[in-house]
Peer 1: 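What follows is a structure written as structure tokens; I'll ask about it next.
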Amino acid sequence: MGVDDQWCPGPTTALLGLLGNPVAHSGSPAMHNAAFRAVGRDACYLAFHVDERDVAAAINGLQAIGVAGLNVTVPHKEQALSLADRVTPRAEAAGAANVLAFKDGIIVADNTDGAGFLRALTAAGVEVDGRAVLLIGAGGAARAVAAACAAAGATQLVVANRSPARAEALLSQVPLAGAVGVACPLTAVGHWLPKAQLVIQATSLGLKPGDPVPWSDWAGARPGTTVVDLLYKAGGTPFMHRVRDRGLTVLDGRGMLVWQAALAWDLWFGQLGPAAVMAAALDRWLDRKGD
Ligand code: NDP
């Protein structure tokens with residue numbers, strides 16, 4: 001795949017972008033623009049910092065000027081879903097949209113976070129089918145991942161969260177597809193750890209310097225358990241370092257981010273994005289940023 005060094009935006013260039021608050025940390029512009037140049041697509045991707053009260057105006061305005069599609073990130077994913085004319089089943093299950101496409105005058109909402117998570121696991125050789133999953137966190141990302149794991153054949157879905165009521169709410173909203181769901185407080189992670197084959201860290205802890213880790217005692221984990229932190233930082237997160245010290249396999253959230261982006265292309269362009277190009281661009285972006 002060659003890189004188009006001569007590209008510059010013109011009157012027919014397609015515009016895509018990210019809406020969120022904040023967006024300054026996002027690797028999405030780096031990934032998508034590198035991918036556009038690699039496949040010779042005349043398109044450009046920008047990040048837009050949008051306040052909660054302006055989300056509807058921003059989406060309607062961008063639709064009016066002919067933007068091809070958008071990603072949506074924290075904290076606007078639920079609002080984006082509510083503004084859509086058509087919602088895919090996986091966005092419905094996740095209760096949130098991370099991708100919008102403007103097609104024939106209507107807004108289509110999708111959610112590629114859960115499918116992106118599963119693709120990243122597959123790429124790393126990790127199975128979900130038949131596995132007991134322990135999910136730490138019950139926010140938007142956790143809900144998308146929970147729905148995807150249940151649909152992919154997880155036998156058990158334990159959701160441990162600071163507020164157990166939110167874990168219970170998640171389990172009542174997600175189609176469990178045969179998985180046994182259990183809601184519990186964070187303090188119960190040690191009880192469920194020996195039974196888990198896949199552990200997913202889906203809290204927002206670790207975003208800010210000095211954040212504590214949501215769980216640090218891995219002595220009870222069974223050998224062969226895979227642990228995934230949805231966060232990512234160059235050099236790994238503090239959570240990941242603790243897990244690695246116990247000799248467990250640990251993945252970070254880069255794979256999920258790359259694959260949710262590659263899958264978003266399917267909705268926008270009817271073709272999967274070049275994941276390898278996106279992954280390399282994300283690594284370069286994180287190295288430049290230094291975290
Ligand atoms: P939400 O704000 O929806 O949820 C936050 C979660 O973190 C809740 O479970 C919350 O618990 C928990 N939490 C927050 N503060 C604390 C604390 N002090 N102690 C214990 N638990 C806490 O966030 P998202 O679900 O959207 O995102 C979660 C993480 O996933 C973020 O780090 C985000 O960057 C990452 N992510 C990664 C993606 C990727 O592609 N790799 C995609 C999407 C998200 P409570 O309910 O009790 O408040």
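Note that the numbering runs from 1 along the sequence shown for the chain. This structure is a prediction, so every number in the text was calculated from the model and none was measured. Order of appearance sets the numbers: ligands from 1, and atoms from 1 within every ligand.
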Peer 1: Is a side-chain donor or acceptor of Lys77 paired with a backbone partner of Ala141 at a separation under 3.5 angstrom?
Peer 2: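 Judged by distance alone, no pair lies under 3.5 Å.
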
Peer 1: Any side-chain heavy atom of Val99 within less than 4.5 Å of one from Trp265?
Peer 2: no

Peer 1: So, Asp229 side chain and Asp252 main chain: donor-acceptor pair closer than 3.5 Å or not?
Peer 2: no

Peer 1: Heavy atoms under 4.0 Å from ligand 1: which residues qualify?
Peer 2: Val74, Lys77, Gly137, Ala138, Gly139, Gly140, Ala141, Asn161, Arg162, Ser163, Arg166, Leu186, Ala202, Thr203, Ser204, Leu205, Leu207, Leu230, Leu231, Tyr232, Gly253, Met256, Leu257

Peer 1: When you compare the side chain of Trp218 with that of Thr225, does any pair of heavy atoms fall below 4.5 Å?
Peer 2: no

Peer 1: Show your reasoning for whether side-chain contact (heavy atoms from CB on, under 4.5 Å) applies to Leu205 and Trp215.
Peer 2: CA-CA 10 Å; Leu205 284 176; Trp215 185 257; over 6 Å; no

Peer 1: Does Asp211 reach the main-chain N or O of Gly206 with its side chain, forming a donor-acceptor pair under 3.5 Å?
Peer 2: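 Yes, Asp211 side chain to Gly206 backbone: donor-acceptor pair under 3.5 Å.
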
